[in-house]
Novice: 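Let me give you the structure first, and then I'll get to my questions.
First the proteins, then the strands, lettered A, B, ... as listed; each starts at 1.
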Amino acid sequence: MSSFWFFEGLRKGRKTEKFPRAPPESPPLRPSRMKGEGFHECPTDAIAEGEWVQEKCIFCRRCEEQFKPTGEQDIFDVKRTEKILMRSIHLYRLDSGSCGACNTEFSAIFDPQYDAHRLRIFETNTPRHADAIVIMGIATDGMKEALDRAYEAMPEPKLVIALGACAVSGGVLGDAPLDRDMYDVEIAGCPPSPYTILEAIDRARGDSHD
Amino acid sequence: MKHYKFGEARGRYIGPAGDIQVYSEGLVRGESGFRKERHDHEHDGQLWFDYGPSTGGMLESVGISFLTPGELISETLVDPSFKKRTLVVKGKSVEDALLTVERINGFHAASHSIAYCSAVEDALGINTDAGTRSSRIVMLEMERVRSHLEVIKRLCEPAGFGVPHSQIGYIRERMSRLISSVSGHRYFFSANSIGSAAIDSKNLLGETEAIGAEFARVYDGLLQSKIFLNRLQNNGRNEDGQHLIGPAARACNRRIDARLDSPSMDYSGAEFEVPVAEEGDSFARFAVRSGEIMQSLSIIRNIAEGPEEEGREHDTGGSGEGAARVESPQGDLFYYVNVRDGILEDIRMLSPSMVNISSFEASMKGNIFTDFHFNWESYGIWISEAGVEFA
Ligand code: SF4
Ligand code: SF4
């Protein structure tokens, strides 16, 4: 039986895209960078003084007469990098209070189309082995202690990554679980696409993709 | 309310939506049931051990407690309240509340938004056009396919089945991309509004054909794998499925499905079968879901080239009570709303994840811990929709 799966694996051939070394093959329009001007009734105040604020946008389409999604996937902000993690980076996911979609988009970066493992990006089941904590969802009372404990348990150097509008800004549902000063990387989107997540994590260790 | 009346306990019992008891043909006000409490067992040599709420082995945060004398598990409790979100929707316009409702369970956003929109449309007396109705069925069935793929993918993971795990991950991502091209968003967010829904069915037929063929091949391979089958068979058996809904009930030979008995959605032109199995174990749940993937793909093909949505404008400023029920990937999903002048005054929701938790707990009795992940994944429970309250 194991040989069956071995040959099945070979039969399928290579399915992984070259992204982020090449443009994404199938970028979604939502989420992606929005460009335009005007519009004042954004439900999350993601348009401030005529400018689009990526981390607040939930891609509800209400402004699309004035602001158009471009398909550009680089809607993240890396505030601090750790070059030592170029060799490998182990991520610990923490669901503070998500709707589940950020969780499944995060899982998708390990699917064959993206194959985060080829970039030496791995998931770990314990914060003690983690280089970065990936926080998704809004603040909830019940997860506060688990979040604090996981952060404390991680060895230095550690990166704190906020994944999705809820984690970065509270989105449309509530409050962010941590103060934004705590975040080293903020990934916009509701939920962020796997392309955006993959590139943000890669850049968080100083990879310039040159 | 066109299809439901208060005070009538008629039809099959589905479960509680807060203080409303939901039957397939009526609603009754009143609290039900009880949640089991964890009690002290130290005197009989048994110990509770806790798993979670945050552990990399689980997709979402959830607290699980096992009572065990050493190896066999004698009692299991699931606590979905760690990540409980209090979502503010009352006092919002029905359209603004929809932005929150579709984020209750983002992985099943089509089901939640369609059930909610249908309840609001019932309250406001809005009639949808044929294009909207068939677009919504396509969305629900696409969501079902992806959801079942996710469950089966996660069943392969604890078995260490790298190749089928990746192959189903590949198919699932292909489905996410198709959902994005059909609905404008990978999770159907903002693809529905009160009174209307539209899809772009351009790539639908070819892609669903290809996805079906790819899945069938992986499924055949899994059926030939003794190790995979051994982990699932007799694991988490439910005797009669009396308290279950959705695929988990159908895996206990109960042919219940909101697509057959809910007046909220008209599946009469969809031509489909409802697969059932007899064993009531993790394997039966896997087999039912696999059969449903093929059925849903065929429903999509049957109605994909239906009428177009007419783009009618609807007045959402009215008042009334409404209720609706759809078959989400995990079973009946019910909404009740009370709207006054376009503002949501009251809302109740029944999620299949909440209904099915106690049967999952019961099915762990006599299992060992290594069986847990297979059994848990086979139920497809989403904590996001179980641990939520409205304000
Ligand atoms: S798409 Fe984004 S920016 Fe536009 S209205 Fe919605 S949340 Fe605001
Ligand atoms: S950011 Fe959006 S997708 Fe992510 S958890 Fe929040 S509501 Fe869900």
Novice: Flag the pair B:R172 / A:T104 as yes when at least one side-chain heavy-atom distance between them is below 4.5 Å, and no otherwise.
Specialist: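 Result yes, sub-4.5 Å side-chain heavy-atom pair found.
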
Novice: Should we say atom CG of B:D200 is surrounded by more than 12 heavy atoms from elsewhere, each under 6.0 Å from it?
Specialist: yes

Novice: Measure the shortest side-chain to side-chain distance between A:C190 and B:F189 over non-hydrogen atoms and say whether it is less than 4.5 angstrom.
Specialist: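 They are in contact (side-chain heavy atoms under 4.5 Å apart), so the answer is yes.
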
Novice: Checking the side chain of A:R30 only, and the main-chain atoms of B:R186 only, is there a donor and an acceptor separated by less than 3.5 Å?
Specialist: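 Checking the backbone N and O of B:R186 against the side chain of A:R30, no donor-acceptor pair under 3.5 Å is found.
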
Novice: Please rank B:V89, B:V218, B:I227 by heavy-atom pairs under 4.5 Å with chain A and give me the top one.
Specialist: B:V218

Novice: Less than 4.5 Å to any heavy atom of chain A: does that hold for the side chain of B:E150, its backbone, both, or neither?
Specialist: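 B:E150 touches chain A through side-chain heavy atoms alone.
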
Novice: What part of B:E214 gets within 4.5 angstrom of chain A, counting heavy atoms only: side chain, backbone, both, or neither?
Specialist: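 For B:E214, the side chain is the part near chain A, not the backbone.
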
Novice: Would you confirm whether B:S384, through its side chain, and A:S98, through its main-chain N or O, come within 3.5 Å as a donor-acceptor pair?
Specialist: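 Side chain of B:S384 to backbone of A:S98: no pair is present.
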
Novice: Select one option (side chain, backbone, both, neither) describing which atoms of B:R177 are under 4.5 Å from chain A's heavy atoms.
Specialist: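 Side chain of B:R177 only, per the 4.5 Å heavy-atom cut-off to chain A.
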
Novice: What part of A:I58 lies closer than 4.5 angstrom to a heavy atom of chain B: side chain, backbone, both or neither?
Specialist: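 Backbone plus side chain of A:I58, per the 4.5 Å heavy-atom cut-off to chain B.
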
Novice: For the candidates B:F107, B:F82, B:Y187, which exhibits the highest count of non-hydrogen atom pairs separated by less than 4.5 Å from chain A?
Specialist: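 Going by pairs under 4.5 Å, I would pick B:Y187.
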
Novice: Please classify the contact between B:A109 and chain A as side chain, backbone, both or neither, with a heavy-atom cut-off of under 4.5 Å.
Specialist: neither

Novice: Tell me which of these, B:R174, B:H108, B:K153, has more heavy-atom pairs under 4.5 Å with chain A than the rest.
Specialist: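 Among the listed options, the one with the most contacts to chain A is B:K153.
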
Novice: Please flag which part of B:T100 lies under 4.5 Å from any non-hydrogen atom of chain A: side chain, backbone, both or neither.
Specialist: both

Novice: Chain A heavy atoms under 4.5 Å from B:E157: which part of the residue, side chain, backbone, both or neither?
Specialist: neither

Novice: Is it the case that the side chain of B:R85 and the backbone of A:I138 share a donor-acceptor pair, with hydrogens and angles ignored and the cut-off at 3.5 Å?
Specialist: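 It does not hold such a pair.
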
Novice: Check whether any side-chain heavy atom of A:P28 lies under 4.5 Å from a side-chain heavy atom of B:H185, and answer yes or no.
Specialist: no

Novice: Please identify, among B:E385, B:Q167, B:E60, B:R217, the residue contributing the most non-hydrogen atom pairs under 4.5 Å to chain A.
Specialist: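 Between B:E385, B:Q167, B:E60, B:R217, the count favours B:R217.
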
Novice: Is it the side chain or the backbone of A:P43 that comes within 4.5 Å of chain B heavy atoms, both, or neither?
Specialist: side chain

Novice: Identify which part of A:R62 has an atom lying under 4.5 Å from any heavy atom of chain B, answering side chain, backbone, both or neither.
Specialist: side chain

Novice: Against chain A, label B:V388 side chain, backbone, both or neither, depending on which of its atoms sit under 4.5 Å from a heavy atom there.
Specialist: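 Neither part, no heavy atoms under 4.5 Å.
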
Novice: Can you tell me which portion of B:L59 sits under 4.5 Å from chain A's heavy atoms? Options are side chain, backbone, both or neither.
Specialist: both

Novice: Quick check: does any side chain N or O of A:D111 sit under 3.5 Å from a backbone N or O of B:E173, one acting as donor and the other as acceptor?
Specialist: no

Novice: Kindly say whether B:Y170 contributes a backbone atom to a donor-acceptor pair with the side chain of A:Q113 at under 3.5 angstrom?
Specialist: yes

